[in-house]
Amino acid sequence: MKPDDLLATEVGDPRSTSRDAQAKVTALCDLAYQVREESEQLAGLRDTLLPHLMSGTLRVRDAEKQVEAVV
């Protein structure tokens with residue numbers, strides 16, 4: 001998407017939407033936040049485990065046990 005296209009998009013006043021629509025948008029925003037947090041945690045876990053798996057200092061079975069203990 002080009003920036004000019006985005007800037008040309010009309011956006012309505014959110015205060016004029018129904019409470020139901022506002023609740024749905026809020027729920028979607030909350031879900032997006034939760035998914036982003038989970039993604040960051042998984043990326044951290046990957047970044048921690050991957051070097052050890054690649055070097056052979058940690059085996060997959062051992063890593064699975066460590067992950068199960070956290071999850």
Side-chain angles (χ1 to χ4, degrees):
M1 175 175 263
K2 296 178 185 175
D4 288 339
D5 294 337
L6 181 60
L7 293 172
T9 304
E10 289 188 35
V11 177
D13 184 350
R15 296 172 292 186
S16 66
T17 60
S18 69
R19 289 199 184 273
D20 183 52
Q22 290 176 12
K24 288 178 182 178
V25 169
T26 299
L28 285 172
C29 289
D30 290 345
L31 180 60
Y33 176 78
Q34 291 171 2
V35 169
R36 186 177 306 128
E37 288 289 313
E38 183 179 349
S39 177
E40 289 176 9
Q41 290 175 355
L42 289 171
L45 182 59
R46 176 205 60 214
D47 293 345
T48 300
L49 293 175
L50 190 58
H52 298 286
L53 292 166
M54 296 298 290
S55 69
T57 59
L58 181 63
R59 296 179 325 165
V60 172
R61 288 184 198 153
D62 298 333
E64 287 174 343
K65 290 177 186 175
Q66 288 182 4
V67 170
E68 288 173 1
V70 174
V71 178

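The structure displayed is predicted, hence computed values, not measured ones.
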### Task
Identify, with sequence neighbours excluded, every residue that meets side chain to side chain contact (heavy atoms under 4.5 Å, CB included) alongside M54.
L50
### Query
Salt bridge between D62 and R59, side-chain N to carboxylate O under 4.0 Å?
yes
### Query
Who pairs with S39 by side chain to side chain contact (heavy atoms under 4.5 Å, CB included), at least two apart in sequence or on another chain?
none
### Message
Whether K2 and D4 form a salt bridge (side-chain N of Lys/Arg under 4.0 Å from carboxylate O of Asp/Glu) is what I want to check.
### Response
no
### Query
Hydrophobic clusters join Ile, Leu, Val, Met, Phe, Trp and Tyr when side-chain heavy atoms are under 4.5 Å apart, directly or via other members; which others share one with L6?
M1
### Task
Could you pull out all residues at least two apart from T17 that satisfy side chain to side chain contact (heavy atoms under 4.5 Å, CB included)?
A21, Q22
#### Entry: Residues that E40 engages under side chain to side chain contact (heavy atoms under 4.5 Å, CB included), provided they are two or more places apart
R36, E37
### Other ILVMFWY residues reachable from L31 by side-chain steps of under 4.5 Å
V35
### Query
Are L42 and L53 linked, directly or through other ILVMFWY residues, by side chains that come within less than 4.5 angstrom of each other?
no
## Note on the structure
Here the gap from E64 atom CD to R61 atom CZ, rounded to the nearest 0.5 Å, amounts to 8.5 Å
